[in-house]
Amino acid sequence: MKPTKQTPLNHLSLFYWQLQKWQKRPPNSRQFLSNLSSTTLTTSLKTNNKKLDVGSLSSINPRTAFKAYVETCISLLKTYLNQSWIKQGRTLHGHLIKTGISSDRYVAIKLLIMYLNCKRSDEVNEILREFGGFDLVAWNCMINAHIQNCNIEEARRIFDEMPERNEVSYSTLIAGFMRLGRVDESISYFEKNPFQDVVSWTTMISGFVQNGSNLEALKLFEKMLEFGIIPNAITFTCVVKTCIGLKDFGFGRCLLGLIVKYGLKSNLSVCNSLITLHLRMGDIESARKVFDQMEERDVVSWTAILDVYVEMGNLVEARRIFDEMPERNEVSWSAMIARYSQNGDAEEALKLFHLMVLDGYKPNISCFSIVLTALASLEALPLGTNIHGHLIKIGMEEDVFIGSSLIDMYCKCGKTEDGRRVFDSLSEKNVVCWNSMASGYSLNGKLEEARELFDRIPKKNTVSWNTMISGYVQNEQCDKVFEVFDEMLFSGGIPNGSTFSSVLRACASLASLEKGKNLHGKIIKLGIQYEVFMGTALTDMYAKSGDIESSRKVFNGMHEKNEISWTAMIQGLADNGFGEEALVLFEEIEKTSAMAPTVVTELIFLAVLFACSHCGLLEKGFRYFESMERVYGIKPRGKHYTCMVDLLARSGRLNEAEEFIKVMPFQPEVNAWAALLSGCSIYKNEDIAERTVKKLWELAEENSAGYVLLSNIYASAGRWTDVSKVRKLMREKRLKKIGGCSWIELRNEVHSFYCEDGCHSQSADIYAILELIHGSDE
DNA sequence: GTAGGGTTAG
């Protein structure tokens, strides 16, 4: 990657020029300062733990200045290392040799690490040859370098062969094993460690957090306090993270006390972690207060505060802060890109990604997975394939995060086989890879493949189960939903909100009140009945099952409602014939204008227009329709127009309805014509009916689903000869009608029957008995 | 030894 003008290389060119003179005579502070750009100076002073103020500027002596220069070179090497700019690193190495600085031991170690990480064994050996004997510090650095390079066995070899070890040697090796998830080996070295200092305890705690064992981490922290080891700032950052992971906010508050007790309230790292802790505890105010009161802030603080604004629902402000941040790195870029993607603005996410690359930042694994997710949501296959190629080139395609995102991307683009190819190519898969693949199959309607893969998942988690359950829900195989759900409970899987919302959806589509009530009980037992998702799903389930009273009760009891909850209630009321009440509810939203802009969406308008058309409220309907764009800035979509056609057709205004379709700004939905035809059959208007049928035939030609619809329309209009005509045509074209389904609920179990034979496990017996009944009839 | 960003279901 070619660095742009912002990269440190240009600051360095000033050095190269100055360096020749310094070779002969060390520079004095004035010369040093006058040849440094402020950025480089800040970096170098920072590494010397000095603050940049007037006092420190004037007190700088040549030796400090030169030391600062060496430090600067080291920090540059670090930058090159992080960005994998081996070319720049080598250029710098050349200059360091010329100026004799490469013989500085620390510089040499940094060079060594850089080459090790870039897997340049020639250069590594050359430097090692030059430095026949390394001391303890150097060996420790080597261990660290091998660990960074994921070569733990080499690190262990050095550790075992070292003439002496100190506390750093132990902590480094322990951290290395933790990084690779080899917790047992970490524990073993920790127990063998004769220097159990804060650092090694902290390493262990942090290791447990990395490996998802938050509880273990917390236990260790308590043990550490019992042993009388004084935690430091880094310990607290780890423990705070544990607390966030466990969502144990009672302990969070205890931690705040401990932090004050140990005098770390103003520590930079601690404050950085506290911003997120407060945010996760739902206390946006305190999160901001911590940030505002910080004496110094770094790039982590700025990145953390972005989320505070996102949490406030203010993405625009978050972006403004991002644009004006004093310092950015690849994490801050990734954070901003992720927020856009998660807010459904994948285009903006990708634009930002482009800017990031243009700015010379190297996207890391997280960043690529965010970007792949954004591409998946846009179904941007060519771009996705392009990135995949790039990932192979830089050797990142084996990572589980990347792999999962790639599988997801291909499957969301309908390329299940390509997804599978990625899946098969992963030598190490975690449960997410499996889940992505299973979900990819079910997304593309390949439920048998999904099930087969699902059964092979070594360690299923809640998401695995949810994937399978929601797959069956989406493909309307409700009996399978309950089957898998029972299996989940039986094998000890813990359902969460999204499990219930899927199963409730199955209840809703079966209108199975009994099962729904049963689930409601389980949900209350788990204490998640007040969560928005749950409340909404319950409201919907009761409404769809015809128990509008319970639906209302759940809805009114919800502590927090979102636009989907309101939509579910309004839709539910409208569906159950309480159109007037649905509209009253909508007007309630409109009156509380503070809520309106976030709650009123195109979906809610659909429910409202539906209510109008079912109550025959023609004028009201048109008023709402017209207010969509004028008041709320929502462009009506095809479905909204269809509702309006329905409204006109049901009111017998067939000519107006036909005219309405004609002047629509875009191609009407098939359903719009269907609504018109249904109006024609109510009001017996053969004239318009004929024209509409002609249109419907044209559309059916384009889209096989049109035939099904057409046959249904004819059926509901009682035009049976036309129905058989369509069916015959479908048979000729080998189009299969999506089977109708009926079901009964027996002893809390739903038995479904589809048009095709043999779907029920006992269908042979059932048919035999039917035969018997028929026989006895005659 | 650290804090900020990350994959799958809804």
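All chains are named by letter (A, B, ...) in the order of the sequence lines, taking the proteins before the strands, and each is independently numbered beginning at 1.
Residues A:Phe454 and A:Trp434 place their aromatic rings such that the two centres sit no closer than 6.0 Å.
More than 12 heavy atoms of other residues, nucleotides or ligands sit less than 6.0 Å from atom CD of A:Glu487. Other residues, nucleotides and ligands place no more than 12 heavy atoms under 6.0 Å from the CD atom of A:Glu417.
Side-chain N/O atoms of A:Ser439 include none lying less than 4.0 angstrom from OP1 or OP2 on B:dT8. Look at A:Lys412 and you'll find a side-chain N or O under 4.0 angstrom from OP1 or OP2 of B:dA9.
Atom pair A:Met468:CE and B:dT8:C1' shows a separation of 14 Å (rounding to whole Å applied). Spacing between atom CZ of A:Phe368 and atom C1' of B:dT7 amounts to 15 Å, rounded to whole angstrom units. One atom, CE of A:Met437, and another, P of B:dT7, lie 19 Å apart when rounded to the nearest Å. Rounded to an integer number of Å, the gap from A:Ile407 CD1 to B:dA9 P is 12 Å. Atom-to-atom, CH2 of A:Trp465 to C1' of B:dA9 comes out at 14 Å; the value is rounded to the nearest Å. Residue A:Phe423 contributes atom CZ, which lies 12 Å from atom C1' of B:dT8 at whole-angstrom precision. Atom pair A:Leu426:CG and B:dT8:C1' shows a separation of 13 Å (rounding to whole Å applied).
No donor-acceptor contact under 3.5 Å links the side chain of A:Ser470 to the base of B:dA9.
A salt bridge does not link A:Lys219 with A:Glu222: every distance from a Lys NZ or Arg NE/NH1/NH2 to an Asp or Glu carboxylate oxygen is 4.0 Å or more. At a threshold of 4.0 Å, the pair A:Arg319-A:Glu348 counts as salt-bridged, since one of the basic side-chain nitrogens sits closer than that to a carboxylate oxygen.
Evaluation of the ring pair (Phe, Tyr, Trp, His ring centres under 6.0 Å) rule for A:Phe190 yields A:Trp201 as partners, not counting sequence neighbours. Applying the side chain to side chain contact (heavy atoms under 4.5 Å, CB included) criterion to A:Thr242, with sequence neighbours excluded, gives A:Val209, A:Asn214, A:Ala217, A:Leu218, A:Leu246.
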Q. Which nucleotides of nucleotides 1-6 of chain B have their base under 4.0 Å from a protein heavy atom (B), which only their sugar-phosphate (S), and which neither (-), written as one string 5' to 3'?
A. BBBBBB
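Base contact: A:Ser404 has a heavy atom under 4.0 Å from a base atom.
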